[in-house]
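Throughout, a chain's letter reflects where its sequence line sits, starting with A, and its residues are numbered from 1. Please read these numbers as outputs of a predicted model, since none were measured by experiment.
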Protein chains: 2
Amino acid sequence: MSEAAIQTYTRADEAFDCLQTAIVKGDLVPGEKIGEVELCSRFNLTRGPLREALGRLESRGLLVRRPHAGVKVVSVSAEELLELYRIRETMEGLAARQAAERMTDEEIVDLQATLDTHERMIEQAQGQAYYQAEGDYDFHHRIATGSRNTKLAQMLLGDLYYMVRMYRYRLSTSSGRPHMALGEHRRIAEAIAQRDGELAEFLMKRHINAARNNIETKIQNGSLTI
Amino acid sequence: MSEAAIQTYTRADEAFDCLQTAIVKGDLVPGEKIGEVELCSRFNLTRGPLREALGRLESRGLLVRRPHAGVKVVSVSAEELLELYRIRETMEGLAARQAAERMTDEEIVDLQATLDTHERMIEQAQGQAYYQAEGDYDFHHRIATGSRNTKLAQMLLGDLYYMVRMYRYRLSTSSGRPHMALGEHRRIAEAIAQRDGELAEFLMKRHINAARNNIETKIQNGSLTI
DNA sequence: AGACCGCGCATTGTCAACAATCTATATACT
DNA sequence: AGTATATAGATTGTTGACAATGCGCGGTCT
């Protein structure tokens, strides 16, 4: 998905993408032990590039590897998932503040246009958590990039989002509050449009904290099992 | 260096550690293009494990890789280095807050004992920036671990610190304010000992911001060239 | 019957040869 | 003379075979 920009696309990159999306989409279940040869036949690869991809994924925390014993998809506990949101809160708060200071006017227009699209999506696909989750991801993605903070964007897009999305796909956590989330997005975008970094940071932190609380209560209700 | 804990230590792990320390210590210069075969002979490895290690390092942002063209050590601009400190400010602030809430009493005692050691080091090794930098790293390391936030510690220890250390070794950035930094560390440790998370967060953010300002003025003076 | 030991098998880690791609040099053309 | 192109060399990417390690099964001893 969207790898057009890359000129030469090596087998290892292919393996990396395949595995990453497989993990995020839940085709590879957390905790399950997976053999290398099985993965090779599954994705039509040889073990060389595969192992390189496994190394990358391990380094990103999506896999755990024990020498001579095999790899398995990382399984995140409920506490760890909530901790992830604590990290997001601070990091995306920073991203929002820097985005307010640095995004181009054009990017801001695009950002707000994206939200219009999301609104239509929510109305059309009532309850289709998939599109909601993707829309949410899109919004946060734009802000991370808009921060013009290379490493920050890299950490958010490369490390955190994949772990969060992994559970979002599985649990549709964002369902239940799509309209509310959209409203929060709107206000954040508005603050960015007014170049009010402080406000954007505040709103973003509150937004993510709300999402975190939503998950926490669901877990306590028992309606969410991890 | 300190690989006793691991039972089986694969060649790829070895390659990873060798390269990482080589990059951090400056044996591998940023921007310089390095061939795979050269690295192999340099560290007594074969290309298989080496490539796996290269993948991991690329994924962590210490290397950049262009398909069929080779790898080179990442070169961070002055702006990017300062941005790194912005990220540290928020993330380590969070770490300090959570550490204040979650560290064991024993860990806190150890933390303060560490600071005593640092004080002696600073007095003995006047101006030896190396030990100062390592002492500083040690302090921040303990707090990251003490946060009991797996992913947060992983991101700080695995991603950010290596990049910062890379430039610390080269530029001895922390020199000039060792005593001041120690005093700031002391106050942070004190806040943690009193279980005052809010204060610990505030002090940590100010501490890192001070370090950032120190670097910024040095860059503007021209006494620091990157 | 239960526990411990040893062996065989499967899986992972490593290696060296082969194929594909890029870079640089030299040559021809404008 | 400067630019573009083609070719040669070197370097990276990939493959399949080989070696080393962990895991499970069966046997034996208490």
> Specify the separation, in whole Å, of atom CZ of A:R11 and atom P of C:dA19.
16 Å
> Give every donor-acceptor pair under 3.5 Å between a side-chain atom in residues 65-75 of chain B and any protein atom, sequence neighbours left out.
| from | atom 1 | to | atom 2 | distance (Å) |
| --- | --- | --- | --- | --- |
| B:R65 | NH1 | A:E52 | OE2 | 2.9 |
| B:R65 | NH2 | A:E52 | OE2 | 3.4 |

> Applying salt bridge (Lys or Arg N to Asp or Glu O under 4.0 Å), can you list everything that pairs with A:E38, at least two apart in sequence or on another chain?
A:R42
> Calculate the interatomic distance between B:E36 atom CD and D:dA10 atom C1'; express it in whole Å.
13 Å
> Between D:dT15, C:dT12, D:dG13, which nucleotide has the shortest distance from any of its atoms to the side chain of A:T10?
D:dG13
> Would you say D:dT11 has OP1 or OP2 under 4.0 Å from some side-chain N or O of B:R66?
no
> For A:L45 and D:dG13, give me the distance from atom CG to atom P, rounded to whole Å.
16 Å
> What are the two closest non-hydrogen atoms of B:A144 and B:A153, and how far apart are they?
O-CB, 3.6 Å
> For DNA chain C, find the residues of residues 47-65 of chain A with a heavy-atom distance under 4.0 Å and give them by number; none if there aren't any.
A:R47, A:R51, A:R65
> What residues form a salt bridge (Lys or Arg N to Asp or Glu O under 4.0 Å) with B:E106, not counting sequence neighbours?
none
> Counting side-chain heavy atoms from C-beta on, which of D:dT21, C:dT21, C:dC15 comes nearest to A:H68?
D:dT21
> Restricting to salt bridge (Lys or Arg N to Asp or Glu O under 4.0 Å), what partner residues turn up for B:E107, sequence neighbours left out?
B:R148
> B:R60: what forms a salt bridge (Lys or Arg N to Asp or Glu O under 4.0 Å) with it, not counting sequence neighbours?
none
> Among the candidates D:dG22, C:dT14, D:dT12, find the nucleotide nearest to the side-chain atoms of B:K33.
D:dT12
> Closest approach to the side chain of A:T46, judged atom by atom: which nucleotide of D:dT14, C:dC22, C:dG13 is it?
D:dT14
> Expressed in angstrom and rounded to an integer, what is the separation of B:L39 atom CG from D:dT11 atom P?
12 Å
> From C:dG13, D:dC23, D:dG16, pick the nucleotide closest to the side chain of A:A69?
D:dC23
